[in-house]
There are 2 protein chains.
Amino acid sequence: MDSDVDRGSGTGRSRIADVAALAGVSPATVSRSLSGQGNVSAQTRERVRDAARRLSYVPSPLASGLASGRTRTIGVVVPFLTRWYFGSVVSGVTRVMEAAGYDVLLYHLGSAADRDRFFARMPLARRVDGVLSLCMPLTEDHTLALRALDIPLVSVGSRMAGLPSVCIDDVAAAHAAVNHLINLGHENIAFVGGIPDDPGFGFVSSELRLRGYRSAMGAAGLAPPSALEVFGRYGIDGGATAMARLLSGARLPTAVFAEYDELAFGALWSLRRAGLAIPQDVSVVGLDDHEMAEVLDLTTVGQDAASQGSLAATMLLETLDGRSDTPPTDIVLPTELRVRGTTAPPRRGVGVVPST
Amino acid sequence: MDSDVDRGSGTGRSRIADVAALAGVSPATVSRSLSGQGNVSAQTRERVRDAARRLSYVPSPLASGLASGRTRTIGVVVPFLTRWYFGSVVSGVTRVMEAAGYDVLLYHLGSAADRDRFFARMPLARRVDGVLSLCMPLTEDHTLALRALDIPLVSVGSRMAGLPSVCIDDVAAAHAAVNHLINLGHENIAFVGGIPDDPGFGFVSSELRLRGYRSAMGAAGLAPPSALEVFGRYGIDGGATAMARLLSGARLPTAVFAEYDELAFGALWSLRRAGLAIPQDVSVVGLDDHEMAEVLDLTTVGQDAASQGSLAATMLLETLDGRSDTPPTDIVLPTELRVRGTTAPPRRGVGVVPST
DNA sequence: CTGAAAGCGCTTACAG
DNA sequence: CTGAAAGCGCTTACAG
């Protein structure tokens with residue numbers, strides 16, 4: 001903290017008039033000196049800054065936002081906070097925003113009910129300069145409402161019509177995962193996906209990854225019976241549940257592609273509980289390269305979530321600062337297959353019979 | 001979204017005067033009708049609400065905050081976002097705050113530099129009605145600066161002098177973990193802890209858990225050589241690194257207590273890479289009951305992080321709404337040992353010799 | 001129950 | 001380069 005002034009008198013309790021008085025100038029000059037906007041003689045500025053420091057003056061963000069029309073705050077809307085992807089993205093976002101002196105308002109809408117309440121109240125209106133929407137499953141009405149805010153919007157993790165975005169190519173990532181299995185010689189490949197608790201709260205990326213799975217299978221001439229597409233709730237337990245369903249089926253697949261790593265973790269768990277050997281009995285591949293993937297030796301297709309967050313934040317800032325000469329773009333970040341220990345060629349001969 | 005009015009004209013673009021005009025009342029009456037404060041005839045109120053709905057009027061949070069002195073916003077300060085504990089706490093916090101109609105400002109200060117910049121700028125001043133500090137490693141000056149804000153403060157995850165808090169008893173939790181190992185017959189028990197990248201950015205809970213380890217060992221007459229206390233960075237990789245150090249030591253412990261689960265995950269990884277069997281060669285116990293703990297079959301001492309968040313949020317709200325008849329308290333949530341597959345009695349006879 | 005007025009604490013044309 | 005003044009959009013005593 002600062003040296004020896006204003007101890008105990010309270011940070012942020014003095015107003016611009018106090019600083020003006022102490023520095024012997026007008027409030028207008030204080031404002032200009034502190035913001036760096038407008039011409040102020042170097043000498044005056046120093047005097048003002050000194051006074052401000054003495055009084056631990058911090059301009060009221062509310063007042064300056066109201067007067068200037070810029071809040072220097074952005075809103076981030078997320079469906080989850082405890083999933084790896086979202087935590088990492090938000091982490092990347094805050095890092096960039098804090099460095100730029102922006103505050104971030106976090107809206108955590110984990111269900112359709114939360115989301116609808118949010119849109120009814122619209123706490124974003126006149127409160128933020130821009131919005132980052134992380135994979136939020138939005139209806140057309142929601143999107144319209146967001147647009148009606150008339151402030152810059154960036155979508156991360158999924159594309160939204162007419163909006164700049166930063167994401168990965170989900171279809172291609174799924175292809176990479178499934179092709180890896182196909183190249184190893186697998187034919188009987190299952191898909192483990194996440195489904196929402198609420199109808200209408202499903203992620204676009206889930207759809208795309210499912211589509212990628214199907215098309216990779218199709219391209220290899222392996223039309224999967226739909227019994228091989230199983231779903232569980234988002235999160236680790238959902239992967240376990242979905243895998244359990246597969247284990248209770250007539251014929252166990254030799255390989256599994258989980259839409260994202262946390263589902264794969266759950267799947268691994270179910271497989272181990274069932275006494276199956278990985279990858280000998282069943283291969284498993286995920287998507288994310290979650291920090292636990294290496295610990296569990298999971299083969300996966302990696303994406304860089306934190307970079308998605310910081311890139312999206314940077315795009316938003318550029319638009320806000322008006323230094324965006326480039327038109328809104330869609331940035332597609334690369335993904336990369338990381339082969340680890342949970343995938344191997346299928347066993348020759350007879351298929352495995354589930355032990356449960 | 002709402003029915004059929006104001007499509008396209010933009011949410012939040014109308015001001016209180018517009019609503020007043022449409023309803024044929026004064027702005028003051030609009031304010032009273034919408035806020036529910038002050039006496040307004042039921043009839044008038046309905047008319048105003050109708051007008052507001054038609055115009056999709058949402059009061060400017062900045063203006064009303066400035067005028068009323070209440071921002072209906074709280075600040076949450078966290079050192080990490082991608083660690084299980086913090087994600088879970090923040091999740092609990094947002095759930096409560098959103099239900100109460102409060103917004104949450106997220107400050108993610110992952111390093112001493114971030115933290116110092118934050119305190120220099122003090123973006124919290126006049127911007128929030130209250131603050132939740134999650135385990136932030138704060139110096140006395142920081143604490144004073146926070147106090148100088150003169151708004152309600154709640155600490156979660158660690159106690160701060162004179163502040164209400166909600167946490168667990170870290171010493172007791174560590175005792176439970178270590179005593180479990182001792183009761184199994186272990187004597188040669190190591191401690192795996194996390195250390196900060198920056199000096200002065202270490203967590204209080206880490207200290208307490210280390211203290212708990214030492215006192216449990218001491219109480220059992222097992223004074224551990226300090227070579228058995230090893231540290232790595234926060235996170236999974238840090239646990240792996242710390243465990244590797246143990247593996248390169250002269251004598252391998254028969255059991256390991258990791259200060260929290262993510263470190264334990266890393267430790268498990270190192271052990272497996274070294275070809276050691278768990279729990280036969282080495283037992284491992286963590287602290288948290290992280291959602292991955294079950295997947296990895298990790299014995300651990302569980303805590304409920306989300307509840308810590310929602311409880312702290314509730315405490316803060318009660319203070320803010322002035323309905324706190326109870327003086328500031330320290331809530332201590334229970335922890336519970338969950339015995340799973342990574343702990344067992346030590347092997348009889350000769351100690352294991354590391355294979356690396 | 002309702003309105004006119006002052007005020008919250010800034011910023012920014014507008015003059016000079 | 002600097003200041004006086006208006007205004008941002010609300011809320012809340014104060015009257016009536």
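To find a chain, count down the sequence lines: A is the first, B the second, and so on, and within it residues start at 1.
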Exercise. What's the closest nucleotide to the B:Arg32 side chain, out of C:dC8, C:dT11, C:dT2?
Worked result: C:dT2

For this session: Assign each of B:Ser41 and B:Ala63 to its nearest nucleotide of DNA chain C by heavy atoms, then name whichever residue's nucleotide is nearer the 5' end.
Result: B:Ser41

Exercise. Are OP1 or OP2 of D:dT11 and a side-chain N or O of B:Ser68 less than 4.0 angstrom apart?
Worked result: no

Exercise. So what is the 5' to 3' dot-bracket string for DNA chain D, if pairs are Watson-Crick or G-U wobble with both distances under 3.5 Å, crossing pairs use [ ] and | means the partner sits on another strand?
Worked result: |||.||||||||.|||

Exercise. With respect to the phosphate group of D:dT2, does any side-chain polar atom (N or O) of A:Thr44 fall under 4.0 Å of OP1 or OP2?
Worked result: yes

For this session: Choose from C:dG3, C:dT12, D:dC8 the nucleotide whose nearest atom is closest to any side-chain atom of B:Ser26.
Result: C:dG3

Exercise. Between C:dC10 atom P and A:Arg72 atom CZ, what is the distance in whole Å?
Worked result: 16 Å

Exercise. How many Å lie between CZ on A:Arg47 and P on D:dC1, as a whole number?
Worked result: 14 Å

Problem set entry | Interatomic distance at P, C:dC10 relative to C:dC14, whole Å | 24 Å

Exercise. Closer than 4.0 Å, any side-chain N/O of B:Thr29 to the OP1 or OP2 of C:dT2?
Worked result: no

For this session: For C:dT12 versus C:dG16, give the span between their C1' atoms, rounded off to a whole number of Å.
Result: 16 Å

Problem set entry | Qualifying residue, where the test is side-chain contact (heavy atoms from CB on, under 4.5 Å) with B:Val128 and the options are B:Val76, B:Leu149, B:Leu105 | B:Leu105

Exercise. Within the structure shown, what part of the strands sits under 4.0 Å from A:Ser35 by heavy-atom distance: base, sugar-phosphate, or nothing?
Worked result: nothing

Exercise. A:Arg126 side chain N/O closer than 4.0 Å to the phosphate oxygens (OP1, OP2) of D:dC10?
Worked result: yes

Exercise. Between C:dC1 atom P and B:Glu46 atom CD, what is the distance in whole Å?
Worked result: 15 Å

Exercise. Given D:dC10, is OP1 or OP2 found less than 4.0 Å from the side-chain N or O atoms of B:Ser64?
Worked result: no

For this session: Taking only the side-chain heavy atoms of B:Ile16 (C-beta and beyond), determine which of D:dT11, D:dA4, C:dC1 contains the nearest atom.
Result: D:dT11

Exercise. Below 4.0 angstrom, N of the basic side chain to O of the carboxylate: do B:Arg121 and A:Asp103 qualify?
Worked result: yes

